[in-house]
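Below is one structure. I have some questions about it.
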Amino acid sequence: MTQKGIFAFLSVLAISSCGESSEERVAREAKEKDTYNRCVSLGVQYFKEIGSYPTLKSAPNAGRHAIEVARERCERAPETAFRK
């Protein structure tokens, strides 16, 4: 093979190995959705435990719905938003 041919082959090989397969993408998205849903559930549970459900009572979210606030927090940091 010529030098250009080797370079082209290596380039194609490198590019093809970088992407994730559709099965990997589906699995990753399912895991992210499960993590998000678990986070929102923990948030609702937390707000119930502190007596601030369904409407939050303290600043900065006073008057807002607990589920709405839990969703916002879980969108930003689903792994840590409501960890104990």
Is the backbone of His65 close enough, under 3.5 Å, to the side chain of Glu68 for a donor and an acceptor to pair up by distance?
no

Could you tell me which non-hydrogen atom of Ala70 sits nearest to which non-hydrogen atom of Val40, and how far apart they are?
CB-O, 4.2 Å

Please determine if Arg28 and Glu32 form a salt bridge, counting it only when a charged side-chain N lies under 4.0 Å from a carboxylate O.
yes

By side chain to side chain donor-acceptor pair (under 3.5 Å), Arg38 pairs with (sequence neighbours left out) none

What residue pairs, at least two apart or across chains, pass disulfide (SG to SG under 2.5 Å) with a residue in residues 30-81?
Cys39-Cys74

For the CZ atom of Arg73 and the OH atom of Tyr46, what is their distance to the nearest 0.5 Å?
7.0 Å

Identify, with sequence neighbours excluded, every residue that meets ring-ring contact (aromatic ring centres under 6.0 Å, His included) alongside Phe47.
Phe82

By side chain to side chain contact (heavy atoms under 4.5 Å, CB included), Glu29 pairs with (sequence neighbours left out) Arg25

Check: residues 55-63 side-chain donor-acceptor pairs under 3.5 Å, at least two apart:
unit_1	atom_1	unit_2	atom_2	d
Lys57	NZ	Gly51	O	2.5
Asn61	OD1	Arg64	NH1	2.9

Under the salt bridge (charged side-chain N to carboxylate O under 4.0 Å, His left out) rule, collect the residues that match up with Glu23, sequence neighbours excluded.
none

